[in-house]
Amino acid sequence: MFTKTNLISTIATTIWGFMGGYLLWGVLADSFLNSHMGTAAGVPKEVPEWGILALGCLIQAFAFSSIFRQWGESRYTTSDGIKYGILIGVLVGLGNELINHATTNVLDLTGALVNGLIYILFYAVMGFLAGLIYNKIK
């Protein structure tokens, strides 16, 4: 679980989780998602709690990298990582966004679907990074 490769993958995917998440949701999709907000008011914080956000990214990256290590069965490629990331994105992003849409008023259906697709892209890049690291660093 705490192999050199897993720790390097965790660090790289943590950085992507933090910076890529900011790029995708904080920069590229911010105005679009804000225009598709539901009736729930005051949900997003004005300023995130950066330390807790970083800790969450670290935990998510460690779990992602550790599960990928088990899933890859010693044959790791960037293609395998992307496939794994897409599956996680469908599970965590698209599936959860549709459940959230059905049970909350955070985003309208268009916003939820686009946000789910952003999650798929986010995790596909994370999988690419994990696959690259697991393939190159033994």
Side-chain angles (χ1 to χ4, degrees):
M1 184 181 274
F2 291 105
T3 65
K4 175 176 92 171
T5 308
N6 192 30
L7 292 176
I8 293 170
S9 176
T10 295
I11 291 167
T13 55
T14 297
I15 292 168
W16 166 252
F18 195 84
M19 301 304 290
Y22 176 73
L23 173 68
L24 293 174
W25 284 283
V27 175
L28 297 176
D30 186 52
S31 62
F32 178 83
L33 292 175
N34 282 332
S35 69
H36 288 278
M37 296 295 280
T39 58
V43 176
K45 292 183 176 185
E46 281 295 316
V47 178
E49 295 182 41
W50 297 109
I52 294 173
L53 179 60
L55 178 62
C57 289
L58 176 67
I59 291 168
Q60 185 179 59
F62 178 72
F64 187 95
S65 295
S66 298
I67 295 168
F68 178 70
R69 180 174 164 254
Q70 298 299 315
W71 186 70
E73 299 177 16
S74 346
R75 188 182 137 265
Y76 307 103
T77 66
T78 53
S79 175
D80 291 330
I82 291 169
K83 289 177 197 172
Y84 169 70
I86 289 171
L87 286 172
I88 297 297
V90 169
L91 171 72
V92 172
L94 192 57
N96 198 48
E97 280 300 313
L98 290 174
I99 292 168
N100 282 340
H101 174 71
T103 60
T104 68
N105 288 314
V106 176
L107 290 170
D108 64 19
L109 182 58
T110 301
L113 290 171
V114 168
N115 200 31
L117 293 175
I118 294 169
Y119 270 103
I120 293 170
L121 174 63
F122 175 79
Y123 284 110
V125 172
M126 189 176 275
F128 171 82
L129 292 170
L132 180 69
I133 290 165
Y134 271 94
N135 187 27
K136 299 293 182 191
I137 299 174
K138 305 289 186 220

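Leu107 contributes atom CG, which lies 9.0 Å from atom CG of Asn34 (distance to the nearest 0.5 angstrom). Note that the CH2 atom of Trp25 and the CG atom of Asn115 stand 6.5 Å from one another [nearest 0.5 Å]. Between the CD1 atom in Ile88 and the CG atom in Leu94 there is a gap of 13.5 Å [rounded to 0.5 Å]. To the nearest 0.5 Å, atom CG of residue Leu132 and atom OG of residue Ser79 are 12.5 Å apart. Atom-to-atom distance recorded for Tyr134:OH and Thr3:OG1 is 5.0 Å, nearest 0.5 angstrom. How far CD of Gln60 is from CG of Leu55: 11.5 Å, rounded to the nearest 0.5 Å.
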**OP:** Show your reasoning for whether side chain to side chain contact (heavy atoms under 4.5 Å, CB included) applies to Leu117 and Leu121.
**Re:** CA-CA 6 Å; Leu117 293 175; Leu121 174 63; over 6 Å; no
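Looking at residues two or more places apart in sequence or on another chain, you find no side-chain contact (heavy atoms from CB on, under 4.5 Å) involving Glu46.
Following chains of ILVMFWY side-chain contacts shorter than 4.5 Å, one cannot reach Met19 starting from Ile133, and the two form parts of different hydrophobic clusters. Note on Ile15 and Ile8: separate hydrophobic clusters, where clusters join Ile, Leu, Val, Met, Phe, Trp and Tyr whose side-chain heavy atoms are under 4.5 Å apart, directly or indirectly. Criterion: ILVMFWY side-chain heavy atoms under 4.5 Å apart, direct or through other members. Under it, Val125 and Ile11 are not part of a common hydrophobic cluster. Leu91 and Ile59 end up in different hydrophobic clusters when Ile, Leu, Val, Met, Phe, Trp and Tyr side chains are linked at under 4.5 Å. At a threshold of 4.5 Å between side-chain heavy atoms, the hydrophobic network of Ile, Leu, Val, Met, Phe, Trp and Tyr places Leu113 and Ile118 in one connected group.
Scanning both residues, Ala61 and Thr13, for their nearest heavy atoms gives CB-OG1, 3.1 Å. Summarising the geometry of Met37 relative to Pro44, their closest heavy-atom pair is CE-CG, 4.0 Å, with the distance given to 0.1 Å. Contact record, Ile120 with Gly89: CG1-C, 3.6 Å, taken as the closest heavy-atom pair. Scanning all heavy atoms of the two residues, the minimum distance from Ile86 to Ala124 falls at CG1-CB, 3.9 Å. When all heavy atoms of Lys4 and Ile137 are compared, the closest pair comes out as CE-CG2, 3.7 Å. Here the closest non-hydrogen pair linking Ala12 and Leu129 is O-CD1, 4.2 Å.
For the pair Leu98 and Leu109, the minimum side-chain heavy-atom distance is below 4.5 Å. At a threshold of 4.5 Å between non-hydrogen side-chain atoms, the residues Val106 and Asn100 do not count as touching. Two residues are said to be in side-chain contact when any heavy atoms from C-beta on lie closer than 4.5 Å; Leu53 and Phe18 meet this criterion. In this structure, Tyr84 and Met126 have side chains that are not in contact, with every pair of non-hydrogen atoms separated by 4.5 Å or more. Annotation: side chain of Phe64 is not in contact with side chain of Thr10 (no heavy-atom distance under 4.5 Å).
The aromatic rings of Phe62 and Phe2 sit parallel to each other, their planes meeting at less than 30°, with 60° as the upper class boundary. Ring orientation note: the planes of Phe122 and Tyr119 are nearly perpendicular, at an angle over 60° on the 30°/60° scale.
Atom OH of Tyr22 is surrounded by 12 or fewer heavy atoms from other residues, nucleotides or ligands within 6.0 Å.
In this structure, Ser66 contributes its side chain and Ala63 its backbone to no donor-acceptor pair below 3.5 Å. With Tyr76 contributing its side chain and Gly81 its backbone, the two residues share no donor-acceptor pair below 3.5 Å.
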